[in-house]
Amino acid sequence: MAAMLLCVNVLFAQRDSVAKAIVLAQDQNIPAETRVKKALELIDNSISHPQSVNDPFAWYVRGYIYKEWYKAFETQNKKSKTRLEAFGFLKKALSLDTSHGKPFSINASFHYSGQIATITLDYDQKIIKQILKYLGSTFYNDAGSLLDQTNYPTAIEYYEKFKEGMLLAEPNYNIKAREIEFKNALATTYEKIFRSDIKIQSQFFGMTESLYKQVIALDTNNNAANYNLAMLYYNYGVDLINNMSVTEDIVVIENITEESTALFKKALPYAVKAEQLRPNNREVLVCLMGIYFSLYEQDKSDGYKAKIAMLDKDK
Amino acid sequence: MRKFFAILITILCLSADYVHMPLMQDPNNANTKIKATFIYNFTKYINWPDKYKEGNFVIGVMGTTTFYNDLTALLDKKSVGEQKFEVKSFSGVESVNGMCHILYVPAGYSGMLPDILKKLKGKSTLLVTEKAGMAKQGSGINFVIENNKQRFELNKTNIEKYSMKVSSTLASLAISVE
């Protein structure tokens, strides 16, 4: 949790309308829709002012208000434009920031509710980073729910926003776990697209393969990537044969069996690794049984068949 | 006037351990398909005597293995020229009768090969086996595994002595056995 303190105190003329916008946005006496909408209009007008264009504070306030709008009205809108804008404004604020992380005060005075309000705003880069982290987290969560065969490009875009936001906020943020999680999930989506039509969507085979390999490069012991990659190769190998017409010419059969055998051989080390990671997992054992069977290593295939039978018996 | 705002940051896990379970393809069907496709091709690259070019094109399978069922399904409505495929199952050597263009002898029935050869003597039946050494013991084509891949040995002498002709294309793709 982070907090920002706004103290009403002193005058600072150039930033009056910017300051007024943030006070308006936080005024609980006005209904949310009205206050955030008015604040948004005010900051949009203020930002074009020559003294605001390169003012990190003005861009921070704009980002903050857009974030407030998103929070109040658009959290269910996974494709919210306001959130993207808020993110962009906060990034701009950080890019203009020369405070080196040292908080400072900004004074302003403006007409408010029939009175002249004088305020001191405490500007702290940490708050911008907190909001970027918040927006980043919403991007990540929406990326997860948008990972389907239609919306995956948006999911990728949002994941990149998440990464950018987190690393801007916390340059040492350990992104690895999220990278693994997202890449595995994206690979699964790509694999579904590939399997929906392995001829038309053939490019998704390589894309899926690449993602699982990236995960394994990040974590050689990632069970999901090892198992899923083995299955990707294995299933494609079997698909090539199953999709072959029985009337196919013998030269074509030779090529297809060559290709499918290569795929079964590629699948094997990943399946073996998956077994090391989860020794008695039934799905992994079934996968190994199938791979060895397809490689015509009947003894090994039978060995896994027996293991599976033992597992089933124990249940 | 003092104002506070709080930001709650919650990152949802996509899954604790993202293992999805893709549907596993059945390897049995694939291996059967390869053999069936080879057998279909043998009919294209081997020439039977004229008297075998009438009626159905008969493929016999020793025993009631699943291969018989699979082959029947795969060759359904297929033909060799004008000859429709007919897949027959033979329970033993004594039941092998009539005109049979190809006789497939699964590994488990390899012990019957000498009796089968006697039974088929003088007939243009292509014997297809699937056990090491069978091509040297009388079979025309013997399925073998080489480098984890389905291949086939071809004994040209064992085929041509029964008045069948082997095309050079088929011979070039086979492991030649004398």
Side-chain angles (χ1 to χ4, degrees), chain A residues 1-8 23 26 117 119 130-131 133-134 136-137 140-141 144 147 178 181-182 184-185 188 191 195 223-224 227-228 231-232 234-235 237-239 241-242 244-251 253-254 257-258 260-261 264-265 283 286-287 289-291 293-297, chain B residues 1-45 71 73-76 78-79 85 107 143-152 167 169-170 172-174:
Chain A
M1 182 186 289
M4 179 182 147
L5 178 65
L6 299 175
C7 303
V8 178
V23 169
Q26 294 186 340
I119 68 166
Q130 278 297 108
I131 303 174
K133 277 173 85 172
Y134 161 74
S137 71
Y140 187 81
N141 295 337
L147 267 176
R178 299 292 171 205
E181 195 175 66
F182 185 76
N184 265 338
T188 301
E191 191 175 354
R195 297 208 62 76
N223 172 54
Y227 171 75
N228 289 340
M231 286 296 286
L232 175 75
Y234 168 79
N235 276 335
V238 176
D239 281 337
I241 297 163
N242 284 343
M244 170 176 87
S245 165
V246 77
T247 58
E248 208 73 78
D249 190 77
I250 199 158
V251 178
I253 308 170
E254 284 285 328
T257 54
E258 191 72 47
S260 59
T261 304
F264 299 139
K265 285 182 178 176
E283 281 73 24
V286 170
C287 175
M289 179 183 78
I291 293 169
F293 187 88
S294 302
L295 288 170
Y296 300 96
E297 295 195 30
Chain B
M1 180 166 66
R2 284 174 183 268
K3 301 264 182 192
F4 296 91
F5 70 85
I7 300 170
L8 182 63
I9 298 171
T10 313
I11 298 178
L12 302 175
C13 284
L14 298 179
S15 165
D17 182 13
Y18 209 91
V19 183
H20 84 114
M21 295 297 170
L23 190 65
M24 179 142 176
Q25 306 281 17
D26 186 352
N28 291 292
N29 295 343
N31 288 2
T32 299
K33 180 91 172 269
I34 293 170
K35 278 184 187 161
T37 313
F38 272 124
I39 288 172
Y40 178 84
N41 269 274
F42 299 154
T43 70
K44 289 200 289 185
Y45 290 103
L71 192 65
L74 286 164
L75 296 180
D76 183 41
K78 304 278 187 311
S79 57
F85 278 112
F143 282 122
V144 291
I145 305 304
E146 191 181 70
N147 296 326
N148 301 105
K149 223 184 106 185
Q150 183 72 73
R151 295 204 61 201
F152 60 95
S167 83
T169 306
L170 188 67
S172 69
L173 292 166

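Letters A, B, ... are given to chains in the order of the sequence lines, protein chains preceding strands, and every chain is numbered from 1.
Heavy-atom distances place the side chain of B:Lys78, and not its backbone, under 4.5 Å from chain A. Only the side chain of B:Leu75 comes within contact range of chain A, judged by heavy atoms closer than 4.5 Å. For chain B, no part of A:Phe264 is nearby; none of its heavy atoms comes within less than 4.5 Å. For A:Ser260, no part lies under 4.5 angstrom from a heavy atom of chain B. Of the atoms belonging to B:Leu74, heavy atoms from both backbone and side chain fall under 4.5 Å from chain A. Interface remark: B:Asn148 contributes backbone and side-chain atoms alike to the contact with chain A (heavy atom separation under 4.5 Å). Contact of A:Ile253 with chain B is made through the side chain alone, with heavy-atom distances under 4.5 Å. Interface residue A:Glu297: only side-chain heavy atoms are found under 4.5 Å from chain B. Both the backbone and the side chain of A:Met244 come within contact range of chain B, each with at least one heavy atom under 4.5 Å from a heavy atom of that chain.
Interface check for chain A: of the options B:Lys149, B:Lys33, B:Arg151, the most heavy-atom pairs under 4.5 Å are formed by B:Lys149. Put simply, of A:Thr257, A:Asp239, A:Val238, the one with the most heavy-atom pairs under 4.5 Å next to chain B is A:Thr257. Ranked by heavy-atom pairs shorter than 4.5 Å toward chain B, the options A:Thr261, A:Val251, A:Leu295, A:Val286 are led by A:Leu295.
Contact record, A:Tyr227 with A:Glu283: OH-CB, 3.5 Å, taken as the closest heavy-atom pair. A:Ala185 and A:Leu147 make their closest contact through CB-CD1, 3.4 Å (heavy atoms, listed as atom of the first residue, atom of the second, distance).
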After noting the C-alpha distance and the side-chain angles of B:Glu146 and A:Tyr296, does the key distance pass the side-chain hydrogen bond (donor to acceptor under 3.5 Å, both in side chains) rule?
CA-CA 9 Å; B:Glu146 191 181 70; A:Tyr296 300 96; over 6 Å; no
Mind running side-chain hydrogen bond (donor to acceptor under 3.5 Å, both in side chains) on B:Tyr40 and A:Asp249 for me, showing each step along the way?
CA-CA 9 Å; B:Tyr40 178 84; A:Asp249 190 77; over 6 Å; no
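The shortest distance between side-chain heavy atoms of B:Leu170 and B:Phe42 falls below 4.5 Å. No side-chain heavy atom of B:Leu173 sits less than 4.5 Å from a side-chain heavy atom of B:Tyr45.
Without hydrogens or angle criteria, B:Gln150 side chain to B:Asn31 main chain gives no donor-acceptor distance under 3.5 Å. Side-chain atoms of B:Asn41 do not come within 3.5 Å of backbone N or O of A:Thr247 as any donor-acceptor pair.
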